[in-house]
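Here is how names work: the chains are called A, B, and so on, in the same order as the sequence lines, proteins then strands, and each is numbered from 1. Any value given below was found using the heavy atoms of this structure, including those in side chains, with hydrogens, waters and symmetry copies removed.
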Amino acid sequence: MLDMKYIRANPELVKAGAAKKRIALDLDAILALDERVRAGITETDRLRAEQKNASKSIGAAAPADRPRLAEEQKAQKAQLKEKEEELAKLQAELHQLLLRVPNVPAAEVPEGRDDSENIEVKKWGTPRQFDFEPRDHIALGEAQDWIDVERGARIAGSRNYFLKGDLCLLEGAMMRYALELMVSRGFTPLSVPTLVRKDIMVGTGYFPGGEEQAYRCDERDDLCLVGTAEVPVTALHQDEILDLKDLPKRYVALSSCYRREAGTYGKDTRGLYRVHQFQKVEQVIVDVADAQRSIEHHHVIVSNAEDVLQALGLPYRIVNVCGGDLGAPQIQKFDIETWMPSRKGYGETHSASRFHEYQARRLNMRYRDADGVVRVCHTLNNTVAASVRMLIALLENHQNADGTVTLPACLRPYMGGRERIGKPL
RNA sequence: GGAGAGAUGGCGGAGUGGCCGAUCGCGCCGCCUUGCUAAGGCGGUGUACCCGCAAGGGUACCGAGGGUUCGAAUCCCUCUCUCGCCGCCA
């Protein structure tokens, strides 16, 4: 959420930002409503002050006079109540509108309508030239009895799966490697709730707007399944005023992630590219409101992810996500796409976002700066390693002609020291 | 799931209808006293919003939301959370 004061001071910037993101926004309606709200506040404050003074003088008056004076206050009270109700309604309306005002994208975000216009900013590694006919991860996984999508679907519907045997272990190995790498870099590991209250979904910017993508248990329990550990981790310090000396906060969390994938029928139906549930290690940074420091953190969290991919020996590219493909909350986003032979292309495995105070303001997460002034934090996050999508890349890129898969050195300690998995087919 | 106790400022802890945005203590900040240290004295010390060029003024907030009242931290209702007890489950 943007600060109303900022919007008032920079309406053209906000409008241009929404336009760059291709998000419809009637800012003038918001500005007009804001005027009415402020006038309402001034008015109710004045009436309340009168009311308070009158009450005080009743308390000070002779007891005999009090009933008469109290009687006279009743009309005032009714008027105040009416104004208050009117104001509360306007404020609620304004708040709802503000929740939908998109964050202003950075100047370095490219113009563009959709992901086809994202700009590649880096490429690492060379897609492997196979001297045999490579299998895709499903063919390989089923032949090795590593993947069972049929029973997954029977038990939980389409886009659900079982991982078995060494692939199950490999998933754990990759998660553990990613987690430990981040811990070695000073990130605090967290085990987090994956069911969160609806206001946390609002606080992190997923609601309103993303309701269709979330599994919801809120009818009975007001809880939603998170699509990423970003949600509980970013919200960890909700409603807190943090000490400057404790910033930045660096967290890493492994969690299950749940996505409804509404509106993707017929898209990526083969294999495990698009699934309803997966494991992910996520990194989150909370720091002071300093644009330059946010940019530095952004680079760091991207390079953390790059280090994982490089250690895994997976070719990837980084794209600077264009305005039209950017979500409402982000200032800027870099997606990392990993080479997947079966797609004959790069598939998104990481998403590094910079928010400035958009999330922190909604979460009411602040800190006291060196001058003692309370300010709203900045937040960022990025994937470290995402299961299934990166398992696809691992299996497909590192497969051998005989159907075995060579393990990257960094994962071997987590796989009993083995160099490869799978039986010759 | 059942019966109970509690929730006040950074912390501790008063406060049972008007003099309470809240005594006091600790902590913290500033100044002062005192060779140093220890100790002491004085003053200050929440968040948000509105009006104002500013100085300043105003409003709200005592877990959350409603209610009673001219007036609520204080009375009533609902909810949440915390703590310990019983039951159930792991």
Are A:Tyr273 and A:His137 linked by a side-chain donor-acceptor pair shorter than 3.5 Å? no
In terms of relative ring orientation, are A:Phe334 and A:His299 parallel, tilted or perpendicular, with 30° and 60° separating the classes? tilted
Could you please name the partner base of B:C61, counting Watson-Crick and G-U wobble pairs only when both distances are under 3.5 Å? B:G46
OP1 or OP2 of B:U69 sitting under 4.0 Å from any side-chain N/O of A:Lys74? no
Give A:Arg368 one of three labels, base, sugar-phosphate or nothing, depending on what nucleic acid heavy atoms sit under 4.0 Å from its own. sugar-phosphate
Spacing between A:Asn53 atom CG and B:G18 atom C1', to the nearest angstrom: 13 Å
Suppose we define a pair by two distances each less than 3.5 Å, Watson-Crick or G-U wobble; what does B:U74 pair with here? none
Is A:Glu357 paired with A:Arg362 through a side-chain N to carboxylate O contact shorter than 4.0 Å? no
salt_bridge(A:Arg8, A:Asp34) N-O dist < 4.0 Å: yes
Return the polar atom pairs (N/O with N/O) between nucleotides 60-67 of chain B and the protein under 3.5 Å, or none.
from, atom 1, to, atom 2, distance (Å)
B:A60, OP2, A:Lys52, NZ, 3.0

Residue pair A:Lys280 / A:Thr228, side-chain donor-acceptor N/O under 3.5 Å: yes
Sidechain-backbone polar pair: A:Gln399 side chain, A:Arg135 backbone, donor-acceptor under 3.5 Å: yes
Report the residue from A:Lys52, A:Arg46, A:Arg48 that forms a salt bridge (Lys or Arg N to Asp or Glu O under 4.0 Å) with A:Glu50. A:Arg46
Round to a whole Å and report the spacing from CD of A:Glu50 to P of B:C70. 17 Å
Contact class for A:Arg366 vs. all strands (heavy atom < 4.0 Å): base, sugar-phosphate, or nothing? sugar-phosphate
Rounded to the nearest Å, what distance is computed from the CD atom of residue A:Gln76 to the C1' atom of nucleotide B:G71? 14 Å
Phosphate oxygens OP1/OP2 of B:C50: is one of them under 4.0 Å from a side-chain N or O of A:Arg8? yes
Sugar-phosphate, base or nothing in reach of A:Ile58, heavy atoms under 4.0 Å: base
Which of these nucleotides, B:C70, B:C81, B:U47, is closest to any side-chain atom of A:Arg197? B:C81
Roughly how many Å is it from CG in A:Leu80 to P in B:U69, rounded to a whole number? 15 Å
